[in-house]
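Below, chains carry the letters A, B, ... as their sequence lines are ordered, and counting in each starts from 1.
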Amino acid sequence: VDLSIAQLIQTAEAGDGAAADQLFAALYSELHGIAERQLHRGGSDLTLGTTTLLHEAYLNISEREGVQFATRGQFLAYAARSMRGLMIDYARRRRAKKRGGEFHITSSGVDSAVPDGVPVQELEQLDRALHTLASVDRELAELVDLHFFCGFSFVELAELRGVSERTVQRDWRKARLLLHRTLQDS
Amino acid sequence: MTGTELLAALGALLNQALDLTPGERETWLARLRIEQPAHAAELDALLAAEADLDSRGFLSEQAIGPLEYGLGREDARVREVRRLLAQGGHP
């Protein structure tokens, strides 16, 4: 039985691991599909940042399924983890293209205009550390996904979570220190 | 104690430590070093590492740049979504 993304979120929230796996796969597919469509649409001045991509996914899913999510934060938290996977896959693809000598021209023009960011190996280690952190404190791991992988500012995150910016900054410091500790063990 | 149990314990201690002023934290840590020396040592090391993490820029920039699509122009449709989200509403 195919469940909608809203239904999958509801089922995953109730602790259904299989639904959670389906949900992340569906969200990944949604994000990847939007990104690819934008890529093929081309145009030198058209781009897609990660927060924009998440918002576009939210709009698409809401319109298509005619649903209202319990909270936008709930949707974004799940989508942000899928975005992490997408970002790492893109970083891997970028590395593979560089190795193959094919990485010169992108849809947006010259490759060198695109910053490299964090090396793929570090992203993969961080991904594993985030899995560990999520098993201890899911909200902290979501915060890292939303800020580091999706580009939400502390102000936006405070609004999203209904807390003060100071609280978000405190949680960010905590998340960063715990990730550092986890990475020391890996 | 497993790795995740240690992480959970450190998380709870960080909740307290990060809310204190430097002076309050030092007093609190002094007591912790007596009551829970192993955890206190872990916490001391973590707090001491923070300046180094700052200087190394650990998690200070976004993971990768825009997804090879150029530089972030937002169209009217996306601005509308942002407006709705800011209001806590739904499309």
- request: May I ask you to check whether over 12 heavy atoms, not counting those of Gln125(A), lie within 6.0 Å of atom CD?
  value: yes
field: Winner by heavy-atom pair count (cut-off under 4.5 Å) against chain A, out of Leu47(B), Asp54(B), Leu6(B)
entry: Asp54(B)
- prompt: Glu42(B) versus chain A, heavy atoms under 4.5 Å apart: side chain, backbone, both or neither?
  reply: side chain
field: Residue Leu183(A) versus chain B: region with a heavy atom under 4.5 Å
entry: side chain
- prompt: For Phe24(A), is the NZ or CZ atom of Arg81(A) found under 6.0 angstrom from the centre of its six-membered ring and inside 45 degrees of the ring axis?
  reply: yes
- request: Determine the sole option in Ile5(A), Asp16(A), Leu8(A), Leu27(A) for which the side-chain contact (heavy atoms from CB on, under 4.5 Å) test with Gln22(A) is passed.
  value: Leu8(A)
statement: Counting heavy-atom pairs under 4.5 Å with chain A, the top scorer among Gly11(B), Ala8(B), Ala45(B) is Gly11(B)
message: Within the 4.5 Å heavy-atom criterion, are Phe75(A) and Ile61(A) side-chain neighbours or not?
response: yes
- prompt: Counting N and O atoms only, with roles assigned by atom type, does the side chain of Thr182(A) sit under 3.5 Å from a partner on the main chain of Leu178(A), one being a donor and the other an acceptor?
  reply: yes
query: Would one find more than 12 heavy atoms of other residues, nucleotides or ligands at under 6.0 Å from atom CD of Glu139(A)?
result: no
task: Under 4.5 Å, heavy atom to heavy atom: which of residues 15-36 of chain B reach chain A? Give them by number, or say none.
output: Asn15(B), Leu18(B), Asp19(B), Arg25(B)
- request: Could you check Glu13(A) against Tyr78(A) for side-chain contact (heavy atoms from CB on, under 4.5 Å), going step by step and ending with a plain yes or no?
  value: CA-CA 10 Å; Glu13(A) 285 282 292; Tyr78(A) 280 104; 2.4 Å; yes
- request: Taking side-chain hydrogen bond (donor to acceptor under 3.5 Å, both in side chains) as the test, write out the residues that go with Arg56(B), two or more places apart.
  value: Asp52(B)
query: What part of Leu160(A) is in contact with chain B, defined as an atom under 4.5 angstrom from a non-hydrogen atom: side chain, backbone, both or neither?
result: neither
